[in-house]
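One structure is given below, encoded as structure tokens.
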Amino acid sequence: MKNKKIFPVIFLALFCVLAGSFNVRAQDTQNIYLANEYLAKGEVDKALEIFRQLAKKKENMRVIHNQYLSLLISSGDFKTADKHLRKLVKLYPKVIVYQADQGSLLKARGKEDEAKAKFSALIKRVASSQRDSRNLARYFY
């Protein structure tokens, strides 16, 4: 008889946890939309501040990556851009684009030789993987 009473309680608790996580995602989605709206209107500082907050959550990092990295580089915040890329590479070591972005960041910082070395190492590394080679080729195209 106890199992019949426990099941609804467990179900309700699980439902509350899941509903709460959907609410957070909905809020993040709204903030991503808002940051992109600010960016489209040229309000870079407002967009960057929202992206900074969104980047604190792992699940947002991939979604906001391109806009956030672009804003960081254009604003000259290379330290945060480097930190952001290091996190992504650590979380997703098989995503070659994030490593290529590290090379682009080096180039943006005026470190041409280091950027060339990074790109050369990536090209050698992906030579044995058709998928990674294709992704890296798209990156350079």
Side-chain angles (χ1 to χ4, degrees), residues 2-141:
K2 280 187 177 181
N3 287 342
K4 288 184 180 182
K5 290 182 180 180
I6 291 174
F7 181 73
V9 173
I10 292 173
F11 179 77
L12 183 60
L14 184 60
F15 177 77
C16 289
V17 169
L18 289 175
S21 68
F22 288 130
N23 188 27
V24 170
R25 290 213 183 238
Q27 181 66 40
D28 287 347
T29 301
Q30 288 175 336
N31 285 335
I32 291 167
Y33 178 79
L34 182 60
N36 284 322
E37 283 294 309
Y38 281 135
L39 191 56
K41 292 179 181 179
E43 297 183 51
V44 174
D45 293 337
K46 289 180 181 179
L48 190 53
E49 184 55 38
I50 294 171
F51 281 130
R52 284 182 205 272
Q53 294 302 315
L54 289 165
K56 292 179 182 179
K57 292 184 183 177
K58 174 186 163 186
E59 57 271 6
N60 293 331
M61 291 179 75
R62 293 181 80 171
V63 176
I64 66 167
H65 170 69
N66 290 331
Q67 294 90 337
Y68 184 48
L69 182 63
S70 179
L71 281 173
L72 291 171
I73 290 173
S74 66
S75 69
D77 191 354
F78 300 127
K79 184 177 178 181
T80 304
D82 184 55
K83 184 178 174 183
H84 171 71
L85 286 171
R86 286 179 191 267
K87 276 187 195 175
L88 282 170
V89 168
K90 185 176 180 180
L91 290 169
Y92 309 102
K94 293 182 180 182
V95 179
I96 201 72
V97 171
Y98 300 141
Q99 295 168 50
D101 281 340
Q102 288 178 313
S104 293
L105 178 60
L106 289 167
K107 188 173 180 182
R109 296 177 83 174
K111 299 180 178 184
E112 294 286 330
D113 292 338
E114 290 180 49
K116 285 180 185 177
K118 178 73 173 179
F119 290 136
S120 293
L122 283 174
I123 290 167
K124 287 178 186 173
R125 197 181 108 212
V126 302
S128 63
S129 168
Q130 188 177 27
R131 180 185 56 124
D132 287 341
S133 295
R134 192 172 33 249
N135 287 338
L136 191 58
R138 282 189 200 127
Y139 182 87
F140 288 120
Y141 183 68

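Just so you know, residue 1 is the first one in the sequence shown, and it goes up from there. On a predicted model such as this, the values are computed, not experimentally measured, just so you know.
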**Request:** Decide side chain to side chain contact (heavy atoms under 4.5 Å, CB included) for Leu48 and Leu72; before the verdict, give the C-alpha distance in whole Å, the side-chain angles of both, and the deciding distance to 0.1 Å.
**Result:** CA-CA 8 Å; Leu48 190 53; Leu72 291 171; 3.9 Å; yes
**Message:** Determine whether Gln53 and Asn31 satisfy the following criterion, side chain to side chain contact (heavy atoms under 4.5 Å, CB included), listing intermediate values before the conclusion.
**Reply:** CA-CA 9 Å; Gln53 294 302 315; Asn31 285 335; over 6 Å; no
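Counting heavy atoms from C-beta on, the side chains of Leu106 and Phe78 never come closer than 4.5 Å. At least one side-chain heavy atom of Arg86 sits less than 4.5 Å from a side-chain heavy atom of Gln102. Considering only heavy atoms from C-beta on, Arg138 comes within 4.5 Å of Arg134 through its side chain.
Aromatic ring orientation, Tyr139 versus Phe119: tilted (interplanar angle from 30° to 60°). Under the 30°/60° scheme for interplanar angles, the aromatic rings of Tyr68 and His84 are found to stand perpendicular.
Rounding to the nearest 0.5 Å places NZ of Lys58 at 11.0 Å from CG of Leu88. Taking CG of Leu69 as the start and OG of Ser104 as the end, the distance is 8.0 Å to the nearest 0.5 Å. Atom CG in Leu105 sits 6.0 Å away from atom CG in Asp82 (nearest 0.5 Å). Rounding to the nearest 0.5 Å places CG of Leu71 at 11.0 Å from CD1 of Ile50. Atom CD of Glu43 and atom CD of Glu49 lie 13.5 Å apart (nearest 0.5 Å). To the nearest 0.5 Å, atoms CG (Asp101) and NE2 (His65) are separated by 3.5 Å.
Just one residue in the list Arg62, Lys57, Met61 forms a side chain to side chain contact (heavy atoms under 4.5 Å, CB included) with Glu59, and that residue is Lys57. Screening Arg125, Lys94, Lys118 for a side-chain hydrogen bond (donor to acceptor under 3.5 Å, both in side chains) involving Gln99 leaves a single residue, Arg125. Of the listed residues (Val126, Val95, Ile96), just one forms a side chain to side chain contact (heavy atoms under 4.5 Å, CB included) with Asn135, and that residue is Ile96.
No more than 12 heavy atoms of other residues, nucleotides or ligands sit less than 6.0 Å from atom CD of Gln130. Within 6.0 Å of OH in Tyr33 there are 12 or fewer heavy atoms belonging to other residues, nucleotides or ligands.
Heavy atoms only, all atoms of each residue included: Ala47 and Leu39 are closest at CB-N, 3.8 Å.
With hydrogens and angles ignored, the 3.5 Å screen pairs a side-chain donor or acceptor of Ser133 with a backbone N or O of Ser129.
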